[in-house]
Structure formats: structure tokens, C-alpha cells
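Presented below is the structure to which this report refers.
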Amino acid sequence: MNTDILRGRRLGNLNAESVKYTASTVFDTILVNPVIEINKAHMVMLVSQGIVKKSQGAKCLEGLGNLKIGDELDPILEDVHMNVESQLTKIVGTNIGGQLNLGKSRNDQVSTAIRMALRTYLLKIITNLIEFRLIILEKAEDHLETIMPGYTHLKNAQPVSFAHYLLAYVEIFKRDKKRFFNNIVNLDECPLGVAALAGTSYNIDRNFTSRKLGFKKPTLNSIDTVSDRDFVLDFLSSAAICATHISRLAEDLIIWNSDIFNLINFNDRILTGSSIMPQKKNPDPAELIRGRAGKNFGNLQAMLTTMKGLPLSYYKDMQEDKNLVFDSYDVLKESILIANELIKNLNSNKQRMLYLANKGYTTATDFADYLVQKKNLSFREAYKISGKIVDYAEKNNKKLDELSMNEIKKVKKDLNKDVMKVFSVKNSVNLKTSHGGTSIKNIKTVLSKLKKEFK
Ligand code: ARG
């Protein structure tokens, strides 16, 4: 292969090991289309600025339209940019193909191409998250009145509606969606035309190419432009945060599906068996969501490490960005899709949820609140009295709603029968009417608001 195009007969041949080590062709296949678009836009601009002759430009554009670049890019040409130029030159000759890099370089091109590819990825992830939120919302609708123990420190805390738990994730993924959307906003400046690092002496029109490639405006500083990979860090960081959320969801579901908790179960179609224990039904997809999140964190860490020691301007270190972006995208996209399956195939064990919601004295706070509201005590006084009743119940091996009126009166004399209802978990849930609380009434309002969002 003739590499004059890059090495200009001045450099001798690169050895095979270095070719393999330095080329970005393996990852660049994803950039083929954006790079062709970039070259077309740039050529149209060169012609309309009178920098390249119309006839030359037309042949060049025709050639670019006819390029057949498959998945195989030649590593000896280092990357997609030189593969495109080389192929085009083969079709239209050096006179015309040789004009392709006029007024631009690979440094500005690659940053433009990654932004364009990333834009598409970000839109896909946003769409996936919208679909995921809808699936969670539908599951929540089925479980409005399903009462479960709410946990803090993995200890029974207060009863909540299972729908309320699920709707927490509708909020969480709304923030993720917004974060990814902000990534699109942040990358919306076009690097094309800053050339290697200093700009160019040709009278190019960067506003034109920026507009043509769908960016809001061209970048302002050529040195910053070829040095910048903030848009990569933004995406990797959003992906890492989103992966954290999916992993936390998976973790809850794994715990609740355990034999000890047994709050939920999954349909067989997402469970795996054991090669030795015939009885086993394991939630492997959930465990792998948790396991793969590490790749998203690792990719962010790798890119931060790559960037932190670089003096300004372009260094080949930055070429590592593509692998990390594409990998994080693939991992995250699959994890979101599998998380969809977890939610779709999840069944609640309602009896068990209700039973555990009432274990661990989960209505003790409601009793304290009752004493404040009905007996005019300070919260701290009420808290102590409620603590005493928990002590009594614990010693006598009873749940709070199993105590008799006489037993309750041992702790505070002037109570009447209507205190008994505060120990009901259902009542407890319905008392939480404050904004954002778990009462069924609140959840119904939230559900109908959210459903409008999806219409
Ligand atoms: N393939 C490189 C990358 O992906 C772009 C080429 C820049 N190369 C250079 N020698 N300036 O970052």
C-alpha cells in the first residue's frame, strides 16, 4: 500500500507493530458516515467561497457520494480520515482528491465526527430512557395499593406503596434523560475548520459548515477546539451516573427476590438455572446489570486519566476516546433494555409485602405523630413514649397492631380506642399526604400527571 498520502515520501515505512498500535481504524468504522458528511459540507463551502473550482468540487462530491467504505478500514492509513481521502483519490485522481484536506485537518475533523456520532447515540439513549420510564409507570399503576416495607439501612422503616417506590425511578431516569439532553446542548459547537490548531489562511466560512452539519455555531478558539474532549467526558459521566441508577435498581430487585425477603418474583423467561442445583432460579440479568456498571465507571476513569496530563492542543492520547465512548454506549444501552425486561417480568408477592410492612414496628412514627396531634405533646416527648411501646411489644413478642388497649394504656393512660388505627400499615401509608409523600391519593395525582407527559 502506498502511504505517500500521509508520509509524503519523507518518512520511511512504519513498522508493522507500530501500524497496529497507532491506528484507530478498528473503532473508526462508526465514524465513516459522519466523516463523509463532513467532507461533503467542507467541499461545498470551499466551492461557494471560491477556494476550489466548481468543476473540481462537483467531481469531488460525486466521488464522495460513490465511496464504498465497508467495515474494513486499512490500518496502514491510520484512520478513517486518511482512508476516505485515499479512496477518493483513487476514484477521482490526485488533482481533485488532493483538495479534500484544504483548510482543515484530522484534528478538527475527528472532534466534529465524534460529536456527530455522539449526538445520534445520545438521542437513542434518551429514547430508551423514555420507553423505560413508561414501562415503570405502567408497573406502578398495577401496584398502587400494594403495600410494602420501606427500608432505611436495609431495616424496616415505614410502610410505603410499591407504586411509590417504582415512581422514584421514574424521577431518577427523568434526571438522567435531562443529563443526556444537556450533553447534546453542550456539544453543539462545530470544530470543523480550526484545522490543526491555529486556524487557516483560506477564507473559509465556518458558519456555513457548522449549519450544514447541524450545529448551533462554530467553536471560537482553535487551540481549545482541538484540545477539547469535554463532550466525551460529559457523556461518559452521564453514562456512569445512569449505570449507577440501573445498578441500584437491580440490587433492590435482587435482594427482594432472595429467599429471605421473597417480596417479588420474576417470570422464568429472565431467570437462569444452575448446572448442579436443580432447584435454582437465578436473577442473572439483574446481577449482570450490577456487574457491568463497572465498565461505565472504568471508561470515565480512563478518559479522565488520559486527559489530565495533556498540555493544550492535539495529542494522540485523545484517540483513545472513541473506544471508551462506543463501549460505554453499548454497555449502557443493553443494560437499559435488560432493566426493561426485569420490570416487565416482575411480580409482587403482595401477602409477603404486607406481612413484612407490618414487621419491625413500622408504625411507631405514626404513633408518635398521633400523640403530637391529639395529645398536644412535643414531638420529642411523643417519640419517647412511642419508643416505650416498641420496647413493650418487643419484650412481649407482639406486633404493634397486636397490642390490646390495656397494654397501650400502660404506656400512656389517657388514650382511647381510636389510637388503634394508627398501627395499621394501610392507614400509615394514607396519612403521608405531604407533597411527594406515599399516600395513595398523592400517587394517583402523580400518576395522572406523568401519564399526560407521555401522551
Ligand atoms: N485518528 C486520530 C484520532 O482519532 C485523528 C488523527 C489526528 N492525528 C494527528 N496525527 N494529528 O484522534
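Remember, it's a predicted structure, so these values are computed and weren't measured experimentally. In listed order, ligands and their atoms are each counted from 1.
- Under the rule for a side-chain contact (heavy atoms from CB on, under 4.5 Å), the partners of Tyr315 that lie at least two apart in sequence or sit in another chain are Leu310, Pro311, Asp317.
- When each of Arg179, Lys174, Lys178 is tested with Asp176 by the rule salt bridge (Lys or Arg N to Asp or Glu O under 4.0 Å), just one qualifies, namely Arg179.
- Nearest protein heavy-atom neighbour of atom 4 (O) of ligand 1: Lys322 NZ, 2.6 Å.
- Taking any N or O of Arg229, backbone or side chain, none lies under 3.5 Å from an N or O belonging to ligand 1.
- Closest protein heavy atom to atom 10 (N) of ligand 1: Arg106 NH2, 3.4 Å.
- Panel note: side chain Ser258, backbone Phe261; a donor-acceptor pair is recorded below 3.5 Å.
- The single protein non-hydrogen atom nearest to atom 11 (N) of ligand 1 is Asn107 OD1, 2.9 Å, given as residue, atom name and distance.
- Taking atom 6 (C) of ligand 1 as the reference point, the nearest protein heavy-atom neighbour is Asp79 OD2, 3.4 Å.
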Listing, residues 91-101 side-chain donor-acceptor contacts under 3.5 Å, not counting sequence neighbours, or none:
from   : atom 1 : to     : atom 2 : distance (Å)
Gln99  : NE2    : Gln56  : OE1    : 3.4
Asn101 : OD1    : Lys104 : NZ     : 3.4

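- Counting protein heavy atoms only, atom 3 (C) of ligand 1 is closest to Tyr314 OH, 3.3 Å.
- Each of Asp108, Asp228, Asp234, Asp230 was checked for a salt bridge (Lys or Arg N to Asp or Glu O under 4.0 Å) with Arg115, and the lone residue meeting it is Asp228.
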